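Here is the structure we will look at, set down as structure tokens.
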Amino acid sequence: QDILLQKYFEKKESNILEIGAGGGTSAIYLIKNQSIKNYIIVDLPEMLIFSSYHIKRHCDNFQINFELPTSKDLSNGSNSIFLITPDQLASLPDHNIDFQFSINALMEMKINIAENYIKQMYRLGSDESITMIIARINELELKEEVNEINNPYTYPYNSADKIISFGPDFLQDFSRSMLRKQP
């Protein structure tokens with residue numbers, strides 16, 4: 001994330017969206033090391049509380065809000081962190097996000113949910129927006145349903161996208177292969 005922001009935004013204050021922030025480690029790092037206008041985290045309610053606790057401990061110069069940002073908030077740069085639930089994502093104003101990313105979160109979701117996040121990211125991104133998705137192919141074992149293979153190569157990307165990098169994560173693949181019982 002840091003390299004992309006430095007290379008493509010060159011100290012421009014950015015609105016950032018993170019899907020599935022966990023404990024907020026990426027948010028803390030980016031807020032401390034980049035020029036951030038606003039930071040939006042989308043996650044499950046219990047994870048938002050976890051993120052807010054860690055972020056508040058390390059980024060006291062940012063205001064934490066459990067509400068949707070308005071277009072005015074995103075335009076003015078209120079130095080805020082907005083923590084929202086997945087159902088609130090559809091209510092965010094269009095084309096205000098400069099950098100959006102998800103690290104190993106979409107692969108844990110049912111395919112239709114992951115695909116909806118991708119569609120929302122296209123709607124939310126500004127003209128020069130950059131989207132970073134890190135995910136691997138993952139088999140979802142679903143109770144009382146047929147298992148799904150969540151494959152990031154099959155997400156509904158736009159054919160006009162400019163791809164910076166697209167390919168397997170060799171380190172993760174190697175690590176997983178070492179843990180398998182069968183070759």
Side-chain angles (χ1 to χ4, degrees), residues 1-9 13-69 73-74 77-92 96-111 113-118 120-121 124-125 129-142 150 152 155 164-165 168-176 178-179:
Q1 310 102 301
D2 197 33
I3 292 168
L4 288 173
L5 285 167
Q6 285 176 18
K7 181 174 181 176
Y8 294 99
F9 293 107
E13 284 194 330
S14 305
N15 284 320
I16 295 181
L17 170 72
E18 181 178 3
I19 296 171
T25 306
S26 290
I28 293 165
Y29 179 81
L30 292 174
I31 288 167
K32 287 183 169 280
N33 294 290
Q34 290 293 328
S35 194
I36 306 297
K37 195 186 295 187
N38 296 291
Y39 201 103
I40 303 165
I41 293 175
V42 181
D43 215 329
L44 301 172
E46 58 273 21
M47 295 310 295
L48 294 176
I49 293 166
F50 186 56
S51 293
S52 70
Y53 170 76
H54 289 284
I55 293 168
K56 190 62 180 169
R57 288 183 58 215
H58 298 282
C59 303
D60 56 0
N61 58 328
F62 267 65
Q63 179 69 35
I64 293 180
N65 299 291
F66 285 92
E67 58 191 37
L68 278 168
D73 292 327
L74 296 175
S78 57
N79 279 352
S80 292
I81 299 165
F82 296 93
L83 299 147
I84 64 172
T85 61
D87 348 343
Q88 294 175 301
L89 183 63
S91 299
L92 280 177
N96 283 288
I97 304 299
D98 301 303
F99 180 63
Q100 49 196 338
F101 68 98
S102 176
I103 299 175
N104 293 332
L106 296 180
M107 66 185 214
E108 297 175 352
M109 302 172 190
K110 289 180 72 173
I111 295 166
I113 295 170
E115 288 178 347
N116 184 55
Y117 275 112
I118 301 291
Q120 290 295 327
M121 292 168 109
L124 295 169
S129 175
I130 292 178
T131 301
M132 181 181 86
I133 297 172
I134 296 175
R136 66 180 181 272
I137 298 170
N138 189 32
E139 183 173 1
L140 302 172
E141 295 180 18
L142 304 170
N150 185 326
Y155 292 160
I164 296 170
S165 176
D169 179 343
F170 295 108
L171 177 62
Q172 192 168 36
D173 289 347
F174 178 74
S175 300
R176 290 179 75 208
M178 296 297 291
L179 298 173

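As the structure is a prediction and not an experimental result, all values here were calculated from the model.
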(Q) Using modelled atom types and a 3.5 Å cut-off, is there a donor and acceptor pairing between side-chain atoms of K32 and backbone atoms of H58? (A) yes
Q) What's the shortest heavy-atom distance between G125 and Q100, and which atoms? A) CA-NE2, 3.7 Å
Q.
I need the I31 CD1 to I16 CD1 distance, nearest 0.5 Å.
A. 8.0 Å
(Q) Just checking Y53: does its OH atom have more than 12 heavy atoms from other residues, nucleotides or ligands closer to it than 6.0 angstrom? (A) no
Q: Might you point out which heavy atoms bring I84 and E67 nearest each other, and give the distance in Å?
A: CG2-O, 3.7 Å
Q. Can you check whether L74's main-chain N or O pairs, donor with acceptor, with N15's side chain at less than 3.5 Å?
A. yes
Q.
Within the 4.5 Å heavy-atom criterion, are L124 and L89 side-chain neighbours or not?
A. yes
Q) Say you draw a straight line from CD1 of I103 to CE of M132; how long is it, rounded to the nearest 0.5 Å? A) 4.0 Å
Q.
Let's go through I41 and I55 carefully: what are the C-alpha distance in whole Å and the side-chain angles of both, what is the deciding distance for side chain to side chain contact (heavy atoms under 4.5 Å, CB included) to 0.1 Å, and is it a yes or a no?
A. CA-CA 11 Å; I41 293 175; I55 293 168; 3.6 Å; yes
Q: Taking the side chain as every heavy atom from C-beta outward, state whether P152 and I137 have any atom pair closer than 4.5 Å.
A: yes
Q) So which heavy atom on G24 is nearest to which on S51, and how close? A) N-OG, 3.8 Å
Q | Candidate pair N138 and N150, rule side chain to side chain donor-acceptor pair (under 3.5 Å), full reasoning | A | CA-CA 5 Å; N138 189 32; N150 185 326; over 6 Å; no
Q: Show the numbers, then the answer: is there a side chain to side chain contact (heavy atoms under 4.5 Å, CB included) between I133 and I118?
A: CA-CA 9 Å; I133 297 172; I118 301 291; 3.2 Å; yes
Q: Run the numbers on I19 and M121 for side chain to side chain contact (heavy atoms under 4.5 Å, CB included), then give the verdict.
A: CA-CA 10 Å; I19 296 171; M121 292 168 109; 3.9 Å; yes
Q: Tell me, with the steps shown, if L106 and Y155 meet side chain to side chain contact (heavy atoms under 4.5 Å, CB included).
A: CA-CA 10 Å; L106 296 180; Y155 292 160; 3.6 Å; yes
Q) What is the distance from atom CZ of F62 to atom OG of S80, rounded to the nearest 0.5 Å? A) 8.0 Å
Q.
Quick check for you: to the nearest 0.5 Å, what is the distance between Q120 atom CD and E115 atom CD?
A. 13.0 Å
Q) Just by modelled atom types, is the I36 backbone N or O under 3.5 Å from a matching donor or acceptor in the S14 side chain? A) no
Q.
Rounded at 0.5 Å granularity, tell me how far CE in M107 sits from CD in E139.
A. 13.0 Å
(Q) Would you compute the distance between atom SG of C59 and atom CD1 of I81 and round it to the nearest 0.5 angstrom? (A) 5.5 Å
Q: Could you pull out the closest heavy-atom pair between E18 and Y39, with the gap in Å?
A: OE1-OH, 2.6 Å
Q: Taking all non-hydrogen atoms of both residues into account, name the closest pair between L48 and V42 and its distance.
A: CD2-C, 4.5 Å
Q. What heavy-atom pair brings D43 and P86 nearest, and what distance separates the two atoms?
A. O-CD, 3.2 Å
